[in-house]
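These values consider heavy atoms only, across backbone and side chains, with no hydrogens, waters or symmetry-generated copies. Quick caveat: nothing in here was measured; it's all calculated off a predicted structure.
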Amino acid sequence: MSSELSKKYSPGEIEDKWYQAWEAAKVFKSVPDEREPYTIVIPPPNVTGILHMGHMLNNTLQDVIIRRKRMQGYNACWVPGTDHAAIATEAKVVRLLAEQGIKKSDIGREKFLEHAYAWKEKYGGIILQQLRKLGASCDWDRTAFTMDPEYSEAVIGVFCDLYEKGHIYRGLRMVNWDPQAQTAVSDEEVIHRDTPGHLYHVRYQIEGLENEYVTIATTRPETILADTAIAIHPEDERYTHLHGKKALVPLLNRPIPIILDDYVDREFGTGCLKVTPAHDTNDYEIGQRHDLPTINGLNADGTISEEVGLYVGQDRFVVRKQIAKDLNAAGHLVKQEDYMHSVGYSERTDAAIEPRLSLQWFLKMKELSAPALEAVVDGDVQLIPGKFINTYKHWMENVRDWCLSRQLWWGHQIPAYYLKDADGYVVAPTPEAAVEKAREKFKRPDLTLADLHQDEDVLDTWASSWLWPINVFHGLTQPDNPEISYYYPTQDLVTAPEILFFWVARMIIAGKEYMGEKPFSNVYLTGIVRDDQRRKMSKSLGNSPDPLDLIAQYGADGVRVGMLLASPAGNDLLFKESLVEQGRNFANKIWNAYRLVKGWSVADHPANEREKLAIAWMEARLAEASIEIEDHFSKFRISDALMSVYRLKWDDFCSWFLEMMKPPYGEAISQEAYDGVIRLFEETMKLLHAFMPFITEELWHGLKERSAGEFLAVAQLSDLDKPNETLLEDIALIKEAITALRAFRTDKQIPFKEAITLHIKSDNPGLFQQYETLLAKFLNTEAIHYPAEKVEGASSIRVQAHEFFIPLGAIDVEAEREKLQKEIAYQEGFLIKVNKKLENE
RNA sequence: GGGAGCUUAGCUCAGUUGGUUCAGAGCACCUGCCUUACAAGCAGGGGGUCACUGGUUCGAGUCCAGUAGUUCCCACCA
């Protein structure tokens with residue numbers, strides 16, 4: 001029979017076959033019933049995204065968890081979906097259009113959105129197809145999207161509600177401006193990096209005084225043009241003579257006041273600070289204090305604006321170099337030194353961020369975040385690993401208002417409606433409601449929709465995804481519906497630590513505010529997938545393998561195992577292809593165990609002593625390992641749980657159990673023993689299924705006839721008896737003895753075919769007598785004796801308190817002597833070599 | 001600048017409340033094997049002063065302090 005089966009496991013067809021079967025039978029579908037729910041909502045990938053290694057890790061973990069719960073009797077529900085990912089998607093569409101020579105601003109909002117939707121239709125959800133390849137057991141009927149009509153309704157509804165409650169305000173604020181995406185980004189989307197630059201010392205002439213100058217130091221000389229003051233410390237004695245004077249902006253000769261402010265650090269640079277309120281957060285604050293005018297020196301795209309009068313339309317970085325030259329030529333550049341300083345970059349586009357003054361929508365965070373802080377500190381929401389609690393706490397205690405608006409078109413348009421002919425606006429969920437409200441608010445009953453225009457901006461992506469665990473069950477749009485009541489709060493969230501604040505914290509806030517309850521109990525934070533040099537995997541570095549190629553080459557099971565083997569929670573995963581190879585090898589090992597078992601001929605007679613012992617032992621080991629595995633799972637130690645199953649299957653089941661069970665050459669195994677082997681094989685497949693869903697499903701069907709519609713994916717883990725501790729201990733000793741005696745055989749070059757006589761001197765000979773059938777099988781003994789005294793003229797091996805003797809007759813003395821001589825010669829040669837090296841000065 | 005964490009075998013990591021499951025696992029490495037399940041394999045083996053220094057204790061990878069290195073988070077001085 002085994003001749004039909006290949007020596008190597010080939011996953012490709014088998015994996016496709018089972019995924020289709022599962023999907024057709026809807027085994028992952030979940031509807032509320034009397035069972036306890038176990039729910040995970042997927043961190044929605046970008047709708048236009050394609051699967052990368054981070055997704056692989058993240059979704060493998062979720063699948064392992066949900067599959068195990070499904071097999072433990074829970075009503076397991078894994079909700080899939082995608083995020084519209086405002087900036088990221090819009091950037092992609094803009095780029096695509098640019099390739100066709102189309103500019104966003106030329107076609108207008110409506111046309112642009114048509115293109116965006118077309119793009120979404122074409123590429124959206126590719127990633128969900130890819131997840132199926134991985135084996136993800138999502139309930140696909142529940143696939144959600146953050147811009148589904150009903151979901152959008154929830155997002156807009158929440159905005160309006162928060163506005164009504166007074167949590168949302170509109171204000172002129174210094175925001176982080178991404179000149180490439182041409183939108184404001186939140187503080188969390190700015191990444192600070194030390195960047196080499198220069199510190200320019202520039203002198204400004206004092207107005208009315210021929211040879212008097214004040215020198216400042218700056219890293220951004222191009223902003224000089226937008227200066228509106230020079231600040232000095234009020235108590236700085238070096239500059240008292242400048243109090244009340246004015247300085248002239250170089251190149252422009254525009255007079256600006258010299259002001260006093262104790263923000264100025266007297267130790268830094270020259271102790272004089274140029275103040276550019278429009279382009280620096282601190283300068284803005286100084287400007288506010290001193291009622292300074294602001295000059296907007298930069299356009300939205302990072303070029304110099306008309307307001308300053310010089311270099312207009314040129315890029316900020318070009319101007320930075322040019323102005324340094326021009327200042328030098330004009331005698332204003334005192335010195336220029338290399339300087340390392342921290343610069344903010346956009347997380348999305350990597351463009352250098354410009355602080356920029358603009359009108360934006362904000363959400364007050366202080367009050368809203370309090371219950372969310374409490375939830376984590378109290379342990380109501382568990383962060384795994386716990387080390388993230390400190391980080392979380394620190395952030396929540398110092399939380400700043402959230403800039404909600406983005407200058408984009410792809411997303412949820414802000415439901416604020418402005419009067420066209422006057423100042424004033426209303427916030428309302430629909431245009432109709434807005435008209436209604438406006439009529440009332442402005443006492444103008446004749447107002448129509450035509451008199452209003454909606455805010456051009458859209459909401460930050462996270463202002464929609466923070467409702468994810470609620471509105472995938474329509475909890476906001478259909479409050480108290482049976483689904484939300486059943487599934488909410490969900491159990492686990494598996495995500496990356498990078499979005500702990502972006503997303504996780506905000507989901508907790510929204511959950512507390514709108515459901516009065518946390519959105520999930522456990523947050524498992526995965527590591528970052530890096531290459532073996534610890535570099536983050538990225539497209540630009542080209543160090544990330546294509547997950548689908550990996551699956552094609554090693555099988556989804558192999559890839560899953562490879563990813564999990566080295567990914568403890570919160571620790572980075574150093575990915576190497578060899579890990580996936582290990583996973584594939586494991587699948588192959590299992591496959592071959594199956595081939596072996598299926599190749600046995602079975603005879604209808606009762607089990608012998610050896611077979612009975614082996615089965616009893618394997619059952620005890622299975623029970624022991626099951627307890628260990630459950631313990632690991634309960635602590636989210638998925639990697640350790642896998643290792644436990646791995647060793648159970650490879651070491652205990654294959655290396656020991658199957659070797660114990662193997663019928664002697666040419667003989668058959670008893671039916672009773674065979675049934676036991678099949679049963680234990682099935683049990684190991686159950687334990688492994690969560691990790692390797694495909695091969696286990698395949699073999700589970702191969703081991704036994706199954707009725708139609710029966711799947712391992714929905715089979716239940718067995719309740720096992722307590723492990724037989726005595727038997728486990730006994731066999732541990734027997735194994736130790738076998739290992740020692742095998743080593744002896746190898747060492748003395750006694751071929752296995754040559755049977756040996758074994759003498760065991762022990763206080764407890766009965767112990768060994770009990771397991772003689774196993775000793776005989778593994779050691780090929782012709783006889784076993786239990787002498788009371790040492791056996792003379794025999795080699796002895798000690799195992800714990802027991803002594804084993806093998807008569808010397810079995811040893812080739814000449815060969816032994818020769819071997820030792822060779823060893824001596826080698827060691828002497830080594831010694832000479834080392835001595836020579838040491839003597840070398 | 002502030003805060004948090006980490007440092008255990010060549011690599012990646014476990015080591016729960018200090019005391020014979022405490023010095024472990026997987027991979028890598030070495031030796032011998034193509035033994036009719038599997039060379040993507042089998043059998044055996046070597047390897048660590050648990051970063052360093054000091055302290056608490058009868059006893060410390062395990063607790064405390066300091067030092068060095070390293071990672072992350074937050075803030076950001078022009």
> Whenever both distances are under 3.5 Å in a Watson-Crick or G-U wobble pair, mark it; put RNA chain B into dot-bracket that way, with [ ] for crossing pairs and | when the partner is on another strand.
(((((((..((((.....[....)))).(((((.......))))).....(((((..]....))))))))))))....
> Taking the chi torsion of B/G18, is it syn (within 90° of 0) or anti (everything else)?
anti
> Please report the shortest heavy-atom distance between A/Glu15 and A/Asp557, naming the atom on each side.
OE2-N, 3.3 Å
> Using the C1' atom as the point on both nucleotides, what is the distance between B/A40 and B/G47, in whole Å?
26 Å
> With a non-hydrogen cut-off below 4.0 angstrom, is A/Arg637 in contact with a base, only sugar-phosphate, or nothing?
sugar-phosphate
> Nearest heavy atom decides the nucleotide; on that basis, is A/Thr219 or A/Lys635 closer to the 5' end of RNA chain B?
A/Lys635
> Round to the nearest Å and state the distance from A/Lys387 atom NZ to B/C72 atom C1'.
8 Å
> Kindly point out which of B/C76, B/C74, B/A78 is positioned nearest to the side chain of A/Thr218?
B/A78
> Rounding to the closest angstrom, what is the interatomic distance between B/U7 and B/G46 at atom P?
27 Å
> Would one find a side-chain N or O of A/Tyr339 under 4.0 angstrom from OP1 or OP2 of B/A78?
yes
> Let me know the distance between NE2 of A/His394 and P of B/C74, rounded to the nearest Å.
10 Å
> With no hydrogens and no angle check, just 3.5 Å: does a side-chain donor-acceptor pair link A/His198 and A/Asp338?
yes
> Please confirm whether the ring centroid of A/Tyr339 lies under 6.0 Å from the ring centroid of A/Tyr200.
no
> Would you measure the distance from the P atom in B/U8 across to the matching atom in B/C13 and give it in whole Å?
9 Å
> Ring of A/Tyr345, cation from A/Arg193 - is the NZ or CZ under 6.0 Å from the centre and inside 45° of the axis?
yes
> Is the cationic atom of A/Lys589 (NZ for Lys, CZ for Arg) positioned less than 6.0 Å from the six-membered ring centroid of A/Phe586 and within 45 degrees of its normal?
no
> Report, as a single string ordered 5' to 3', how protein heavy atoms within less than 4.0 Å touch nucleotides 23-40 of chain B: B base, S sugar-phosphate only, - not at all.
--SSS--------BBBSB
> Rounded to the nearest Å, what distance is computed from the CG atom of residue A/Leu500 to the C1' atom of nucleotide B/C73?
10 Å
> Is any side-chain N of the basic residue among A/Lys735 and A/Asp652 closer than 4.0 Å to the acidic one's carboxylate O?
yes
> When the distance from CG of A/Asn398 to P of B/A75 is rounded to whole Å, what number comes out?
9 Å
> Round to the nearest Å and state the distance from A/Leu728 atom CG to B/U21 atom C1'.
13 Å
> Between B/G15 atom P and A/Asp640 atom CG, what is the distance in whole Å?
7 Å
> Say we look at B/U16 and B/G61: how far apart would their C1' atoms be, to the nearest angstrom?
14 Å
> At under 4.0 Å between heavy atoms, what does A/Leu273 touch on the DNA or RNA strands: base, sugar-phosphate, or nothing?
base
> Are A/Arg530 and B/U12 close enough that a side-chain N or O sits under 4.0 Å from OP1 or OP2?
no
> Do A/Lys649 and A/Phe657 form a cation-pi contact, if we require the NZ or CZ to be under 6.0 Å from the six-membered ring centre and within 45 degrees of the ring's axis?
no
> Categorize A/Arg266 for me: base, sugar-phosphate, or nothing, with a 4.0 angstrom heavy-atom threshold over every strand shown.
nothing
> Between A/Phe586 and A/Lys735, name the one whose nearest nucleotide on RNA chain B is closer to the 5' end.
A/Phe586
> Measure from CD1 on A/Ile528 to C1' on B/C73 and round the result to the nearest Å.
12 Å
> Give A/Thr276 one of three labels, base, sugar-phosphate or nothing, depending on what nucleic acid heavy atoms sit under 4.0 Å from its own.
nothing
> Hey, does A/Tyr239 have a side-chain heavy atom less than 4.5 Å from the side chain of A/Ile258?
no
> In whole angstrom, give the distance that lies between atom CE of A/Met563 and atom P of B/C13.
14 Å
> Going by an N to O cut-off under 4.0 Å, is there a salt bridge joining A/Asp227 and A/Lys274?
yes
> Do the numbers put A/Arg506 on top of the ring of A/Trp402, so that NZ or CZ is under 6.0 Å from the six-membered ring centre and no more than 45° off the axis?
yes
> Determine, using ring centers only, whether A/Trp395 and A/Phe388 are less than 6.0 Å apart.
no
